[in-house]
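Each remark here refers to the structure printed beneath this line.
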Amino acid sequence: MPSAATSSDVTGLPGGDRFVPDHALFALPATEIAPLLLGGLLTHETDAGAVVLRITEVEAYLGDGTDPGSHAFRGPTARNRVMYGPPGHVYVYFSYGMHACANIVCSPAGAASAVLLRAAEVIRGEALAQSRRGAVPARDLARGPARLTVAAGIRLDENGADLLAAPFGLELQRRPPEPATGPRVGVSGLGGGAGYPWRFWIPGDPAVSAYRAATRRGARAPRRQQPTRD
DNA sequence: TTCCTGATTGACT
DNA sequence: GTCAATCAGGAAG
């Protein structure tokens, strides 16, 4: 169990038996860290103010070469180098040409495991999150990995930042809720399906993203061709 | 160097 | 339910 003994209450929110984890906790494998994050409070502060999220859904990705769904499956690259760094830091990556998604680096440095933050509930800074996300229902503000980063104001240039130091902050529940588990969302091939039930969420929580299996886009319109001159 | 794929989302039918 | 937007990473040649 983590050594942090007292709840310094970085969020100032009342209630809950919570503690501030230290970096040593994140040296555990991602599959062990992931369920511990459920119900935890993630704070991110910018000049515009702070947003506090209650984490409702996460996914674990291993970097030991056995997880084909992991960005680290093929070894270190410029993009995933943060995954190979010290645990307890934030790995933010650019996805689908338009979205940023946030992970927490787990396991000892070099192991390249991470936990993807898939969904959360905004419990403080709702107006700020609304200003970033537009007029959407409160439960949808951070329901989805890209939505979560937008609502919290997490930027790509914060890739590699320490999750346990400003502008971030994290409090975990001493007794996290019993998680539901299932296949990871959008992970195709061997990395998805029942063989990798490393998606964890709070059962019945409205701020959990909908499951979407990996989709292949074989029927998509032809890609833009180089213009032909004639 | 070229081309395809993807840990997504929101608009549209 | 389907589909397009958009770009970095990585495989293939």
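Order of the sequence lines sets the chain letters (A, B, ...), proteins ahead of strands, with each chain counted from 1. All values derive from a computational prediction rather than experimental measurement.
Distance N159(A) CG to dG9(C) P: 11 Å, rounded to the nearest Å. Atom CZ of R132(A) and atom C1' of dT9(B) are 19 Å apart (whole Å). Between the NE2 atom of H71(A) and the P atom of dT8(B) there is a distance of 9 Å, rounded to whole Å. Here the C1' atom of nucleotide dT8(B) and the CZ atom of R184(A) are 16 Å apart, to the nearest Å. Rounded to an integer number of Å, the gap from N80(A) CG to dG10(C) C1' is 11 Å. Distance, L156(A) CG to dA8(C) P: 10 Å, rounded to whole Å. Taking atom CD on E57(A) and atom C1' on dT8(B), their separation rounds to 13 Å, with Å as the unit. One interatomic measurement links the two molecules: CZ of F73(A) to P of dG9(C), which rounds to 19 Å at whole-angstrom precision.
A stacked arrangement is assigned to Y61(A) and the six-membered base ring of dA7(B), with a centre-to-centre distance below 5.5 Å and an interplanar angle below 30°.
In this structure, the nucleotide among dG10(C), dA7(B), dT9(B) sitting nearest to the side chain of H99(A) is dT9(B). Comparing dT8(B), dG10(B), dG10(C) by their closest approach to the side chain of R74(A) singles out dG10(C). Distances were taken from every side-chain heavy atom of F94(A) (C-beta onward) to each of dA7(B), dT9(B), dC7(C); the shortest belongs to dC7(C). In this structure, the nucleotide among dT6(C), dG10(C), dA7(B) sitting nearest to the side chain of M98(A) is dT6(C).
Under the 4.5 Å side-chain criterion, counting only non-hydrogen atoms from C-beta, I55(A) is in contact with L170(A).
dG1(C) and dA7(B): their C1' atoms are spaced 22 Å apart (whole Å).
R79(A) has no side-chain polar atom (N or O) that falls below the 4.0 Å cut-off from OP1 or OP2 of dG10(C). Within the structure, every side-chain polar atom (N or O) of S95(A) is placed at least 4.0 Å from both OP1 and OP2 of dA8(C). Between R143(A) and the phosphate of dT9(B), there is no side-chain N or O to OP1/OP2 separation shorter than 4.0 Å. At the phosphate of dG10(B), OP1 or OP2 sits under 4.0 Å from a side-chain N or O atom of R133(A).
A donor and an acceptor atom, one from each side chain of T46(A) and R132(A), are located under 3.5 Å apart. For the residue pair R143(A) and S209(A), no side-chain donor N or O sits within less than 3.5 Å of a side-chain acceptor on the partner.
Base pairing of dT6(C): no nucleotide in any strand meets the Watson-Crick or G-U wobble criterion (both distances under 3.5 Å). Pair assignment for dA7(B): none, as no Watson-Crick or G-U wobble contacts are both less than 3.5 Å.
Clustering ILVMFWY residues whenever any of their side-chain heavy atoms sit less than 4.5 angstrom apart, transitively, puts F73(A) in a cluster other than the one holding Y196(A).
Note on ring orientation: taking the six-membered ring where Trp is involved, the planes of H71(A) and Y93(A) are perpendicular (angle over 60°, cut-offs 30° and 60°).
Donor-acceptor pairing under 3.5 Å, judged by distance alone, is absent between the side chain of Y96(A) and the base of dA5(C).
A salt bridge does not link R139(A) with E121(A): every distance from a Lys NZ or Arg NE/NH1/NH2 to an Asp or Glu carboxylate oxygen is 4.0 Å or more.
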